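Because the structure is predicted, anything quoted here is derived from the model rather than measured.
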Amino acid sequence: MLKVLPLAGLVAAGAFAAPSPAPASGGDGRVRVQLMARQAVTLSGEVAARIAALPVAEGASFKRGQVLVQFDCGTYRAQLNKAQATLEAANRLAEVNSQLARLNSAGTLEVTQAQGRAKEAAAEANYMQAVVGKCAIAAPFAGRVARRAAAVHQFVNPGTPVLDIVDAGPLELRMLVPSKWIGTLKAGSRFTVAVDELGTSVPARIERLGAQIDPVSQSILAVGVIDGTGASLLPGMSGWASFK
């Protein structure tokens, strides 16, 4: 007679056990490899504001320091102007009180209070200047726009993703190789990569090895680079790395 186990019994019996890690190699000197950008960043705003402009389109290139996101910060700029006017008035009052004190027409308390208000106004002006400085996001490196996560005229809060960008420099080849290869595999070791999306093979070399071996899969991270320009290669492509 067929006995039906309750769900808890199935779990205890290992019916839902996690699968074993896939081997890093098929045993023929080949391993799967993925192409990745050295730097991939999601840009997000630090102010609550409406997006005024996204000058660079998806897939387009940009230079380091180029403005990628511009926010509409009219309200913050008005607050900055107010803070600067308050600072100017506070500085003038502190100066007048200091002059009166030298003529014995103002006490130490009045002078101290005026100086305190001037410092408070200066702190507020500096804060608003910092806020206005965050109304534009400049590119931290030269690269390309991978994805727009927000649109022009959209209101975003601090931390809301706006753009995904990737480095325009040489791509990294990341792979897991059997740990027993570390006796012969080292920086500078050469291999070829058959890229699935292109149907072609390109030469490459190992740049560095990982710092730790995974005891479960008995593999270690290896990072390589393409020899040459590789202009047609894009982040996210994958293929087979062949080692002789």
Legend entry - salt bridge (Lys or Arg N to Asp or Glu O under 4.0 Å) pairs, two or more places apart, involving residues 120-143: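 As it turns out, the salt bridge (Lys or Arg N to Asp or Glu O under 4.0 Å) pairs with a partner in residues 120-143, which skip direct neighbours, are E46-K134.
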Between atom [atom1] of [X] and atom [atom2] of [Y], what is the distance when rounded to the nearest 0.5 Å?
X: N91; Y: R117; atom1: CG; atom2: CZ; value: 12.0 Å
X: L198; Y: S232; atom1: CG; atom2: OG; value: 5.0 Å
X: L54; Y: I137; atom1: CG; atom2: CD1; value: 9.0 Å
X: C73; Y: R50; atom1: SG; atom2: CZ; value: 10.0 Å
X: L221; Y: I213; atom1: CG; atom2: CD1; value: 12.0 Å
X: I182; Y: L209; atom1: CD1; atom2: CG; value: 8.0 Å

Joint hydrophobic cluster, [X] plus [Y], side-chain heavy atoms closer than 4.5 Å:
X: V152; Y: V156; answer: yes
X: V67; Y: L43; answer: no
X: L185; Y: M175; answer: yes
X: V56; Y: V41; answer: yes
X: V166; Y: F62; answer: no

[X] and [Y]: which non-hydrogen atoms are nearest, and at how many Å?
X: P161; Y: A149; result: O-CB, 3.6 Å
X: L87; Y: A118; result: CD1-O, 3.6 Å
X: I220; Y: G210; result: CD1-O, 3.5 Å
X: K63; Y: A139; result: O-CB, 3.4 Å
X: A138; Y: G65; result: CB-O, 3.6 Å
X: I51; Y: A151; result: CD1-O, 3.6 Å

Any side-chain heavy-atom pair from [X] and [Y] closer than 4.5 angstrom?
X: Q79; Y: K82; result: no
X: V162; Y: L68; result: no
X: L163; Y: R148; result: yes
X: Y76; Y: L80; result: no
X: P170; Y: I226; result: no
X: W240; Y: R32; result: yes
X: S44; Y: T160; result: no
X: V225; Y: L173; result: no

Inset, instruction - Can you sort out the partners of E207 under side chain to side chain donor-acceptor pair (under 3.5 Å), two or more places apart, ordered by chain and number? - result: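 Partners of E207 under the side chain to side chain donor-acceptor pair (under 3.5 Å) test: R38.
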Inset, instruction - Evaluate side-chain contact (heavy atoms from CB on, under 4.5 Å) for F191 paired with V177, printing each intermediate quantity in order. - result: CA-CA 13 Å; F191 60 98; V177 301; over 6 Å; no
Inset, instruction - Share the residues that join F155 in a hydrophobic cluster, the rule being Ile, Leu, Val, Met, Phe, Trp or Tyr side chains under 4.5 Å apart at the heavy-atom level. - result: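 F155 shares its hydrophobic cluster with no other residue.
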Side chains of residues 140-147: which donor-acceptor pairs under 3.5 Å do they make with residues two or more places apart or in other chains?
unit_1 : atom_1 : unit_2 : atom_2 : d
R144   : NE     : G59    : O      : 3.0
R144   : NH2    : G59    : O      : 2.9
R147   : NE     : D164   : OD2    : 2.9
R147   : NH2    : D164   : OD2    : 3.2

Legend entry - Other residues, nucleotides, ligands: >12 heavy atoms within 6.0 Å of Q154 CD: yes
Inset, instruction - Using salt bridge (Lys or Arg N to Asp or Glu O under 4.0 Å) as the criterion, list what pairs up with R64, not counting sequence neighbours. - result: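 So R64 forms no salt bridge (Lys or Arg N to Asp or Glu O under 4.0 Å) with any residue.
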Inset, instruction - May I have the step-by-step check of side-chain contact (heavy atoms from CB on, under 4.5 Å) for Q99 and E95, ending in yes or no? - result: CA-CA 6 Å; Q99 292 175 353; E95 181 182 348; 3.7 Å; yes
Inset, instruction - Evaluate the side-chain contact (heavy atoms from CB on, under 4.5 Å) criterion for residues T192 and V202: first the C-alpha distance (whole Å), next the side-chain angles of each, then the deciding distance (0.1 Å), finally the verdict. - result: CA-CA 6 Å; T192 58; V202 293; over 6 Å; no
Inset, instruction - Could I get the full list of side-chain contact (heavy atoms from CB on, under 4.5 Å) partners for E197, not counting sequence neighbours? - result: V195, M237, S238
